[in-house]
Trainee: 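Here you go, one structure.
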Amino acid sequence: MIDPATFNLLRAFRAAVYRRFGARRDALSELLDAATVAGLVPSLAHLSLPAVHRRGWGSLYAALAEGSLDAPALRALAGRHPLDDGQPVYALDTSVWPRDDAECSPQRGHYFSPRRQSAGQPIVTGWAYAWLAQLSFTHDSWTAPLDVRRVPPGGDAHAVAAAQIRGLVARQPADGPVPLCVFDAGYDPETLARELGDLDGERAAVLMRLRSGRCFYAAPPPAVGSRRGRPRRHGAQLACGDERTWWTPSAEHVEEHAQYGHVRVRAWAGVHAKTQNHPNRGSRRTKPTVRGAVVLVEVERLPRQTRIPKRLWLWWRGPDQPDLAVVWRAYVHRFDLEHTYRFCQQALNRTTPRVRHPEQADRWTWLVFLAYTQLRLARRAIADVRLPWEPPQRPRRAALTPPRVRQAFPQLLVALATPADAPKPCGRSPGRPRGRPSGPARRFPALKKAA
């Protein structure tokens with residue numbers, strides 16, 4: 001049995017999602033239910049086999065090809081259901097939908113992939129999607145995705161991330177805590193600061209991983225006497241790879257952690273990097289300076305001793321001073337978003353459909369987004385339905401893992417019922433008239449981002 005409050009919450013959430021669907025509303029609703037409970041399937045047509053999908057397999061393709069949904073309203077709906085044990089910490093990252101051989105699919109781009117190669121290079125061709133998710137410091141793999149947007153191949157992931165942060169800040173109360181946005185090393189601090197504009201360092205804090213070879217500089221000392229020439233813009237150098245250049249940190253935090261052992265965190269505030277790539281490059285204008293704090297995290301051991309722990313360098317920029325006890329935990333829990341990616345891909349078939357157009361991929365990505373959200377809302381109150389060879393998770397876990405919730409969700413879905421209308425059979429389609437070929441599809445080259 002499920003908690004009545006959670007049952008009513010799920011029913012209200014599903015009804016609100018149904019109202020945000022436009023064309024092909026009923027087909028999209030049943031496709032959402034099938035995506036939640038079907039598990040890993042070899043193709044999109046197999047999602048029509050579960051009992052929750054009452055329509056024919058052709059309605060799946062029609063829903064993705066002709067359906068419509070209100071993305072801004074769905075973002076606002078997801079924002080009203082944050083993690084109940086979450087923190088004002090949000091992870092932003094980009095995930096690629098590989099479409100290497102889909103020459104008839106437009107708007108594909110070349111992206112870095114650590115797991116797949118093309119012609120001996122770690123490059124994949126496909127569509128990139130930027131995700132924004134709330135994190136929790138609880139020891140589990142749940143996150144709360146709040147937004148997902150496709151990054152155009154000629155666009156910039158920094159601009160998309162800035163737009164997501166602006167939407168996040170706009171949905172929060174004015175007197176609420178300043179959100180901490182955590183990024184991996186694929187982003188640049190100076191570029192993101194320019195895209196954020198007035199939000200940078202004031203209404204949003206940024207935490208970003210740095211490569212170990214970066215160099216930063218303190219503020220220049222005040223001029224003495226009547227020195228001529230341009231005033232100095234850079235002070236003492238702090239090279240991350242050279243301990244001899246480190247001066248006394250401005251803040252330090254030490255603690256003992258059950259998984260990481262002895263943790264030492266140091267921060268050097270008021271430093272900046274030399275900006276090489278900026279909009280005024282090549283002019284005589286003064287180069288912009290973005291000041292923040294460099295954070296060094298050192299741990300005694302890793303949860304799984306597969307390698308020797310290395311120094312972790314982070315960039316922090318925000319109002320006031322960084323809380324080092326929160327900063328290092330925030331970056332560690334950023335990897336929970338990777339678990340969300342893997343669950344959506346392996347259990348919710350995020351990249352299984354071989355659709356042709358990016359608009360179809362957008363609709364399917366939103367359906368996977370909503371399927372994960374309704375599983376998350378039921379994670380604490382749903383009963384643990386396990387296979388005979390699986391150990392029980394209750395009462396050891398307050399919240400079941402995502403695979404266990406998806407495994408038990410079909411029984412709950414029967415009680416929730418579907419807001420979609422019953423299908424109305426209209427006979428068999430006549431198909432394409434004889435003697436009228438469709439012709440070859442148009443080919444689209446994969447686009448490369450200009451340097």
Side-chain angles (χ1 to χ4, degrees), residues 88-90 92 158 161-162 165 169 177-185 187-225 227 229-255 263-281 285-298 311-331 334:
V89 180
Y90 304 87
L92 294 95
H158 297 84
I165 296 176
V169 174
V178 176
L180 175 60
C181 303
V182 187
F183 295 84
D184 205 5
Y187 292 82
D188 179 66
E190 290 81 6
T191 305
L192 184 62
R194 290 196 303 269
E195 295 292 344
L196 287 175
D198 58 334
L199 295 183
D200 178 51
E202 297 295 334
R203 300 180 59 190
V206 173
L207 182 66
M208 188 179 303
R209 183 166 69 94
L210 301 170
R211 59 179 178 85
S212 58
R214 291 291 298 268
C215 294
F216 294 88
Y217 300 86
V224 179
R227 178 183 176 183
R230 190 187 69 176
R232 294 181 59 183
R233 301 185 64 246
H234 309 294
Q237 183 190 55
L238 188 147
C240 297
D242 188 359
E243 295 188 28
R244 296 172 298 178
T245 62
W246 303 354
W247 58 84
T248 304
S250 58
E252 186 172 353
H253 171 76
V254 178
E255 68 173 276
V263 179
R264 183 186 183 187
V265 188
R266 289 175 283 177
W268 289 265
V271 298
H272 65 276
K274 290 184 178 180
T275 305
Q276 302 296 337
N277 189 11
H278 55 90
N280 297 328
R281 184 178 181 179
R285 298 182 181 180
T286 304
K287 296 181 180 179
T289 299
V290 179
R291 300 188 183 277
V294 175
V295 180
L296 172 60
V297 181
E298 297 173 297
R311 290 169 174 169
L312 176 64
W313 290 94
L314 303 173
W315 167 264
W316 184 91
R317 179 172 169 83
D320 301 326
Q321 296 296 324
D323 187 353
L324 301 184
V326 174
V327 163
W328 82 273
R329 292 174 182 269
Y331 185 80
R334 192 210 70 84

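All residue numbers in this chain count up from 1 along the given sequence. What you are looking at is a predicted structure, and each value in this text was computed from that prediction instead of being measured.
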Trainee: Can you tell me how far CG of L314 sits from CG of L207, rounded to the nearest 0.5 angstrom?
Mentor: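 Rounded to the nearest 0.5 Å, the CG-CG separation comes to 5.0 Å.
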Trainee: Side chains of V327 and V265: closer than 4.5 Å at any heavy-atom pair?
Mentor: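 Counting from C-beta outward, V327 and V265 never come under 4.5 Å.
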Trainee: If every non-hydrogen atom of Q321 is compared with every non-hydrogen atom of W316, which pair is closest and at what distance?
Mentor: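 Answer, listing the atom of Q321 first, then W316: C-CH2, 3.9 Å.
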Trainee: Identify the heavy atoms of T245 and A239 that sit nearest to each other, and give their distance.
Mentor: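 Looks like OG1-N, 2.9 Å.
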Trainee: What's the shortest heavy-atom distance between W313 and S212, and which atoms?
Mentor: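 Answer, listing the atom of W313 first, then S212: CD1-CA, 4.1 Å.
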Trainee: Nearest 0.5 Å, please: how far is CD1 in I165 from CG in L199?
Mentor: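 Result: 8.0 Å between the selected atoms.
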Trainee: Provide the closest heavy-atom pair for L92 versus C181 in the form atom of the first, atom of the second, distance.
Mentor: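 Looking at all heavy atoms of both residues, the shortest contact is CD1-CB, 3.6 Å.
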Trainee: Quick one: CZ on R209 to OH on Y187, what's the gap to the nearest 0.5 Å?
Mentor: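 OH of Y187 is found 13.0 Å from CZ of R209.
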Trainee: Any non-hydrogen side-chain atom of V178 less than 4.5 Å from a side-chain atom of P88?
Mentor: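 Sidechains of P88 and V178: no contact.
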Trainee: So which heavy atom on D188 is nearest to which on H158, and how close?
Mentor: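 For D188 and H158, the tightest heavy-atom pair comes out as N-NE2, 2.9 Å.
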Trainee: May I ask you to check whether W268 and F216 place their ring centres under 6.0 Å from each other?
Mentor: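 No; W268 has its ring centre 6.0 Å or more from that of F216.
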Trainee: May I ask you to decide whether R311 forms a salt bridge with E298, counting only side-chain N to carboxylate O separations under 4.0 Å?
Mentor: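 So R311 pairs with E298 through a salt bridge.
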Trainee: Would you call L210 and P189 a side-chain contact if the rule is heavy atoms closer than 4.5 Å?
Mentor: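 Answer yes - side chains close enough.
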Trainee: With a 4.5 Å limit on heavy-atom distance, are the side chains of R214 and W315 in contact?
Mentor: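 When only atoms from C-beta onward are counted, W315 and R214 do not touch, as no gap falls below 4.5 Å.
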Trainee: Measuring only between side-chain heavy atoms, which start at C-beta, is R329 closer than 4.5 Å to V89?
Mentor: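 Contact flag for R329/V89 side chains = no.
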Trainee: Ignoring hydrogens and angles, write down the donor-acceptor pairs under 3.5 Å from the side chains of residues 288-297, residues two or more places apart or on other chains.
Mentor:
{"unit_1": "T289", "atom_1": "OG1", "unit_2": "R233", "atom_2": "NH2", "d": "2.8"}
{"unit_1": "R291", "atom_1": "NH1", "unit_2": "H272", "atom_2": "ND1", "d": "2.9"}

Trainee: Find out whether R211 and C240 are in side-chain contact, i.e. whether some heavy atom of one side chain is under 4.5 Å from a heavy atom of the other.
Mentor: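 Not in contact.
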Trainee: Out of curiosity, R317 CZ to E202 CD, how far, rounded to the nearest 0.5 Å?
Mentor: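 Interatomic distance, R317 CZ to E202 CD, rounded to 0.5 Å: 8.0 Å.
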Trainee: Residues two or more places apart in sequence or in another chain: which of them pass ring-ring contact (aromatic ring centres under 6.0 Å, His included) with Y90?
Mentor: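 Result, ring-ring contact (aromatic ring centres under 6.0 Å, His included) vs Y90: none returned.
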Trainee: For a quick test of reading the model, state the closest non-hydrogen atom pair linking Q237 to W247 and the distance between them.
Mentor: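 Answer, listing the atom of Q237 first, then W247: O-CZ3, 3.8 Å.
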